[in-house]
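All values reported here derive from a predicted model rather than from experimental measurement. The sequence lines fix the lettering, A, B, ..., with proteins before strands; numbering per chain opens at 1.
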There are 2 protein chains.
Amino acid sequence: MDTRERLIESTRALLWEYGYVGTSPKAIQQRAGAGQGSMYHHFRGKPDLALAAITRSAEELRDRAEAEFAGPGAPVQRITAYLRREREALRGCPVGRLTQDRDVMADPTLRRPVEETFAWLRTRLAGVLAEARVDGELDTALDPAATATALVAVLQGGYVLARAAGDAEVYAQAVDGALGLLTGHVH
Amino acid sequence: MDTRERLIESTRALLWEYGYVGTSPKAIQQRAGAGQGSMYHHFRGKPDLALAAITRSAEELRDRAEAEFAGPGAPVQRITAYLRREREALRGCPVGRLTQDRDVMADPTLRRPVEETFAWLRTRLAGVLAEARVDGELDTALDPAATATALVAVLQGGYVLARAAGDAEVYAQAVDGALGLLTGHVH
DNA sequence: GTCTATAGGACGATAGAC
DNA sequence: GTCTATCGTCCTATAGAC
């Protein structure tokens with residue numbers, strides 16, 4: 001892994017753990033084993049480096065989700081697989097976390113990947129729910145768009161509650177609760 | 001409002017908007033219209049002031065929720081009222097937000113109010129759900145604890161998604177989706 | 001109680017040598 | 001490409017006068 005690459009990966013890790021304000025160029029450099037000059041040679045500054053890191057995290061999230069949404073099995077089964085996928089609950093969502101970062105949300109460039117990721121996720125999941133409905137697998141009373149937003153919210157909120165409790169099991173409980181609610185609408 | 005009070009309220013507002021790392025004593029003083037000496041006279045430092053602010057925000061959240069959980073109407077109606085209560089979706093949850101703040105979660109003293117608030121909230125909501133079940137209002141297949149965690153997660157995640165989209169309506173959509181799912185289990 | 005002065009360090013970035 | 005030196009600013013806190 002070359003220096004540029006190490007800088008991006010270090011930034012991703014630090015952004016995930018400390019957020020934008022809590023991540024200093026110095027910390028990035030140390031973690032990457034690179035000097036000041038090295039960092040400023042490859043990137044214009046902290047925002048530029050953050051953009052590379054955020055973009056990559058967003059793509060990763062999207063790719064993983066798509067793999068499950070487009071995977072094998074009936075729609076409801078794919079949704080269940082997506083919801084149940086093992087996640088590092090106590091670390092939270094690397095993209096959702098940025099939502100609480102003022103400097104990220106205030107910068108249109110940094111904000112865009114975050115916005116697009118969740119817009120895509122909600123739409124994509126709504127599509128699979130609509131599929132399930134057409135297949136007669138799901139209650140027609142459910143609105144796919146609202147249901148999709150609620151389910152994605154359960155994951156994002158599950159991270160919050162797990163962190164608050166200091167217990168990853170709380171995340172799993174939120175997912176269980178959501179699946180319990182969904183099950184009543186599955187034929 | 002005396003100086004001490006203004007300092008706490010200023011800290012609450014700044015903590016909500018900028019988080020712990022993003023909130024400086026200087027900014028607190030300016031917003032409160034107080035000098036350095038004044039702040040350090042009333043509080044030992046930033047963590048001490050933050051504790052006062054966090055504790056108050058936690059109590060406020062709890063009091064508001066309790067007012068709805070203990071309010072008039074059938075259990076499901078009270079839950080609906082709680083979920084549908086108007087909130088400043090784009091500002092997020094003043095307590096849930098702290099969950100993403102490393103310095104807060106790393107300090108047991110600052111962390112406690114956050115932890116307790118959500119532990120109480122989940123338990124209290126589970127109680128109302130159990131009540132609804134006993135009343136024959138709610139499907140016995142639903143686990144009160146898991147359902148409560150999922151519903152609270154929808155709110156917390158709804159904030160995340162609304163902020164990501166830059167649209168408070170997304171929060172409302174998450175709540176709608178959750179209520180849509182819940183409705184299928186109400187007799 | 002509140003003020004100003006001051007401290008030591010970190011932040012984010014730039015300059016210029018190699 | 002990478003290094004060290006340097007910059008101006010902000011951070012959090014303390015000291016001591018009023």
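Close to dT2(C), at under 4.0 Å from its OP1 or OP2, lies a side-chain N or O of T3(B). When the side-chain nitrogen and oxygen atoms of H41(A) are compared with OP1 and OP2 of dC3(D), none of them lie within a distance under 4.0 Å. For dC11(C), one of the phosphate oxygens OP1 or OP2 lies less than 4.0 angstrom from a side-chain nitrogen or oxygen of S24(A).
Whole-Å rounding puts the Y40(A) OH to dA5(D) P distance at 18 Å. Between the NZ atom of K46(A) and the P atom of dA10(C) there is a distance of 16 Å, given to the nearest Å. Look at CZ on R44(A): it is 11 Å from P on dT14(C), rounded to the nearest Å. Atom CG in D103(B) sits about 13 Å away from atom C1' in dC11(D), given to the nearest Å. Note: CE (M39(B)) to P (dT14(D)) measures 10 Å, nearest angstrom.
Residues that satisfy the ring-ring contact (aromatic ring centres under 6.0 Å, His included) test with F69(A), not counting sequence neighbours, are Y82(A).
Residue-to-nucleotide proximity on DNA chain D shows that, of H42(A) and G45(B), the 5′-proximal contact is made by H42(A).
The backbone N or O of Y159(A) lies less than 3.5 Å from no partner atom in the side chain of R87(A), so there is not a single donor-acceptor pair. Of the possible polar contacts, none joining the Q173(A) side chain to the E169(A) backbone as a donor-acceptor pair under 3.5 Å is found.
Closest of all the heavy-atom pairs between A53(A) and L15(A) is CB-CD2, 4.1 Å.
Between the side chains of R163(A) and T99(B), no donor-acceptor pair of N or O atoms lies under 3.5 Å.
Of all the residues in residues 25-38 of chain B, P25(B), K26(B), Q36(B) reach under 4.0 Å from DNA chain D with at least one non-hydrogen atom.
Pairs engaging residues 174-187 of chain A under the salt bridge (charged side-chain N to carboxylate O under 4.0 Å, His left out) rule: R84(A)-D176(A) [sequence neighbours left out].
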